[in-house]
Amino acid sequence: MSESTIQNLEGRAPTRMPATMPKVERALGWAPGSARAIADGGEPAPLKVEEEKAAADLATTGLPLRVVQEMTEGTLLDATVLDLTPQGSDARMIVVVRGNPDASPEQIRADLLAWQKAQRRLREADSSDDDAREA
C-alpha cells in the first residue's frame, strides 16, 4: 500500500477507495467494505468464516495464486463456461466477471455492457474459426 493511501485513510474520509483496498481488507481479515466503514468513522467487520473457508478452498484447487486472488475480489457480475475447442476435445474456457465492490450502479451497468460486448466478440471469433475449418 502506498504512503498516499495511508495518508488518505488517516485524513479526511476519501470519496473513493483505492483499487488496492480489497486486498488490504482481505489481508487484515476484514469483510469487504470495512475500509469504507473506517473512513466513515466506524469499525471494520471481521471476514465471515464462510468467506475465509471459501477463499481457502479456492486456494487449494491448484489454480495459480493470481487467479485465486482475482476470484475472491470484487462483486461477481457474471460467469460462463465457453467451449471453444474443436469437436472431440473436453477443454473449456471459464470466464468469471468481477466488478469493483464499491462500484456505483452506473459503473456496474457499464461493466456488464463491456462484458456483453466481449461475449459478442468471442462468439464472432468462434464463428470465424468454424468458417475457417469448413473451408
Side-chain angles (χ1 to χ4, degrees):
M1 183 178 336
S2 70
E3 184 177 339
S4 63
T5 299
I6 294 171
Q7 289 171 343
N8 285 337
L9 289 174
E10 290 175 342
R12 61 181 168 73
T15 56
R16 224 176 135 200
M17 285 286 132
T20 57
M21 197 52 63
K23 294 176 188 175
V24 173
E25 290 173 332
R26 192 171 45 258
L28 294 172
W30 295 348
S34 288
R36 169 60 55 205
I38 291 170
D40 292 339
E43 295 291 323
L47 191 63
K48 293 179 185 170
V49 174
E50 305 85 43
E51 292 171 343
E52 289 177 341
K53 183 179 180 324
D57 289 347
L58 190 56
T60 62
T61 61
L63 291 171
L65 290 177
R66 179 171 175 247
V67 172
V68 170
Q69 178 180 341
E70 292 294 329
M71 294 282 288
T72 58
E73 282 185 3
T75 303
L76 180 64
L77 299 177
D78 195 12
T80 189
V81 177
L82 304 171
D83 183 1
L84 301 177
T85 58
Q87 286 184 331
S89 174
D90 290 332
R92 290 168 304 286
M93 178 189 329
I94 300 168
V95 180
V96 177
V97 183
R98 290 198 165 276
N100 184 337
D102 297 326
S104 67
E106 294 80 21
Q107 183 60 52
I108 292 171
R109 276 193 292 281
D111 292 342
L112 287 170
L113 288 171
W115 167 230
Q116 289 173 349
K117 190 181 223 182
Q119 283 179 302
R120 282 193 299 273
R121 285 192 207 128
L122 286 169
R123 283 192 292 272
E124 289 168 4
D126 189 34
S127 295
S128 297
D129 289 346
D130 288 344
D131 294 342
R133 280 189 286 255
E134 290 173 6

I'd like to know if L113 and V97 are part of one continuous hydrophobic network [Ile/Leu/Val/Met/Phe/Trp/Tyr, side-chain heavy atoms within less than 4.5 Å]. no
Are the side chains of D102 and M21 in touch, meaning some heavy atoms are under 4.5 Å apart? no
Looking only at heavy atoms, the pair that brings I108 and A103 closest together is CG1-CB, 3.8 Å
Applying side-chain contact (heavy atoms from CB on, under 4.5 Å), name anything that partners E106, two or more places apart in sequence or on another chain. S104, R109
Using 0.5 Å steps for rounding, measure from the OG1 atom of T75 to the CD atom of Q107. 11.5 Å
How many angstroms lie between CD1 in I38 and CD in E43, if you round to the nearest 0.5 Å? 7.0 Å
Shortest non-hydrogen separation from S34 to A45 and the atoms involved: OG-N, 2.9 Å
List the atom of E25, the atom of P32, and the distance in Å for their closest heavy-atom pair. OE1-CA, 3.5 Å
For residues R98 and L77, report the shortest heavy-atom separation together with the two atoms involved. C-CD1, 4.1 Å
